[in-house]
Amino acid sequence: GRTDPWDDFLYPSRGFMEIPEGMARALRRAGGSLLLSHRLQAIRCRGGRVRSVEAQSADGRTVTLPADLVVSTIPPAAILGALDPPPGRAAIEAAGRLRSRAMVAVYLGVRRPRLTEDHWIYVPDRSIRFNRLSETTNYSETLAPPGRTGICAEIACDRGDEVWREDDGTQVARVVSDLVRLGLLRSGSEVEAAWVRRSPAAYPVYKVGYGDLLAAVESGLAGLANLRTCGRQGAFWYGSTAQG
């Protein structure tokens, strides 16, 4: 029998946003409220528990939320910096030394039913701009109009560096040029739509010794019984959304 967990995986038919949007609908049906565009200001703690969370809305109002359970997906340095009272210096210094790489994602709408047979392809070639390609219609055919396909080219970089700052038009042109050079596109004329997104903390960097830094961060949070961290940023873990 097959043992590789990547042989099969499930993907929402209308794209990944079905998952958070479905969670939001379930939350509201249960009587909860969803506050978007708020920035964390403080996590007030007492007696080994988080008692409340303070956040600032887009219009500058401060909202105080009593807390039974806090689940955090924000980077370790951000959550440690919000704790009141603050954790020990060792945890804060360790969080500051954990590093993530940024990503520029270039999305292309292509006038062709399919470019590859794969859902993602890693490209370990320094002469090629992107390090990974995803063909979204190989996840689900509904993610592009009939007779069209979608490509996402992921470009690893550091926030604020030359690649990160490069304008969208240049990002697109360089990706299209590389796709033509690889033979995946016949010419740039096949591209009929393009857009660019930037993620400041896309990949945790696993340097020698990072485990000790992460342990120090976890130690700084361990005394709070009702605080949980998860996700790629919150847990500093490069993994899939779910795996069995």
Side-chain angles (χ1 to χ4, degrees), residues 5-6 9-10 16-17 19-24 26-28 30-58 60-103 156-160 198-244:
W6 297 104
F9 64 91
L10 301 176
F16 191 87
M17 283 303 295
I19 296 175
E21 288 171 354
M23 293 172 66
L27 174 68
R28 292 185 175 111
S33 59
L34 188 63
L35 304 180
L36 303 177
S37 300
H38 283 63
R39 181 178 294 276
L40 175 66
Q41 287 186 306
I43 301 173
R44 309 293 184 190
C45 309
R46 189 177 70 254
R49 296 181 65 84
V50 175
R51 300 298 175 175
S52 64
V53 175
E54 294 178 11
Q56 187 177 61
S57 66
R61 293 179 299 108
T62 297
V63 179
T64 301
L65 306 169
D68 295 318
L69 173 67
V70 175
V71 178
S72 171
T73 63
I74 64 176
I79 191 167
L80 287 169
L83 292 181
D84 177 28
R89 179 179 297 274
I92 294 175
E93 289 180 351
R97 292 170 60 191
L98 289 173
R99 177 170 163 259
S100 293
R101 293 218 79 193
M103 181 181 74
C157 61
D158 291 318
R159 186 176 185 178
R198 290 167 175 79
S199 300
Y203 296 104
V205 175
Y206 291 155
K207 297 176 65 175
V208 173
Y210 91 93
D212 293 337
L213 298 176
L214 194 56
V217 169
E218 292 169 348
S219 177
L221 299 172
L224 299 171
N226 61 335
L227 174 64
R228 305 285 186 272
T229 58
C230 64
R232 184 174 290 191
Q233 294 186 41
F236 204 73
W237 177 66
Y238 179 58
S240 296
T241 305
Q243 65 183 53

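All residue numbers refer to positions in the sequence shown, counting from 1.
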Under a 4.5 Å cut-off applied to non-hydrogen side-chain atoms, are Leu27 and Met23 in contact? no

Give the minimum heavy-atom separation between Pro200 and Arg198, together with the two atoms involved. CD-O, 4.0 Å

At their closest point, which heavy atom of Pro204 faces which heavy atom of Ser100, and how far apart are they? CA-OG, 4.0 Å

In short, Leu98 meets Tyr210 closest at the heavy-atom pair CD2-O, 4.1 Å

pair Leu34-Arg28: side-chain heavy atoms closer than 4.5 Å: yes

Side chains of Val71 and Cys230, heavy atoms from C-beta outward: is any pair under 4.5 Å? yes

Considering only heavy atoms from C-beta outward, does the side chain of Val63 approach that of His38 to under 4.5 Å? yes

How many angstroms lie between atom CG of Leu65 and atom OG of Ser52, to the nearest 0.5 angstrom? 8.5 Å

Counting distance only, does the side-chain N/O of Arg232 pair as donor-acceptor with the main-chain N or O of Ala202 below 3.5 Å? yes

What's the separation between atom CZ in Arg97 and atom CG in Leu214, rounded to the nearest 0.5 Å? 12.5 Å

Measuring from atom OG of Ser57 to atom CG of Leu35, what distance do you get when rounded to the nearest 0.5 angstrom? 9.0 Å

Side-chain contact test, heavy atoms from C-beta onward, threshold under 4.5 Å: evaluate it for Cys45 versus Pro85 and give yes or no. yes

Please name the pair of heavy atoms, one in Ala90 and one in Ala216, separated by the smallest distance, quoted to 0.1 Å. O-CB, 4.3 Å

Looking at every heavy atom in both Gly234 and Pro76, which two are closest together, and how far apart are they? O-CG, 4.2 Å

If you count heavy atoms of other groups shown closer than 6.0 angstrom to CZ of Arg159, is the number above 12? no

Tyr203 and Tyr238: aromatic ring centres closer than 6.0 Å? yes

Distance (rounded to the nearest 0.5 Å) between Glu218 CD and Phe236 CZ: 11.5 Å

For Asn226, which residues count as a side chain to side chain donor-acceptor pair (under 3.5 Å) partner, sequence neighbours excluded? none

Between the CZ atom in Arg46 and the CG atom in Leu224, the distance rounded to the nearest 0.5 Å is 12.5 Å

With no hydrogens and no angle check, is any side-chain donor or acceptor of Arg228 less than 3.5 Å from a backbone partner on Ala225? yes

Nearest-0.5 Å distance that lies between atom CG in Leu213 and atom CD in Glu93: 10.5 Å

Any Asp68 side-chain heavy atom under 4.5 Å of Val50 side chain: no

Hey, does Pro87 have a side-chain heavy atom less than 4.5 Å from the side chain of Leu221? no

Side chain to side chain donor-acceptor pair (under 3.5 Å) involving Thr62 - partner list, sequence neighbours excluded: Gln41

So which heavy atom on Glu54 is nearest to which on Thr64, and how close? CG-OG1, 3.7 Å

Within-4.5 Å side-chain heavy-atom neighbours: Ile43 and Ile79: yes

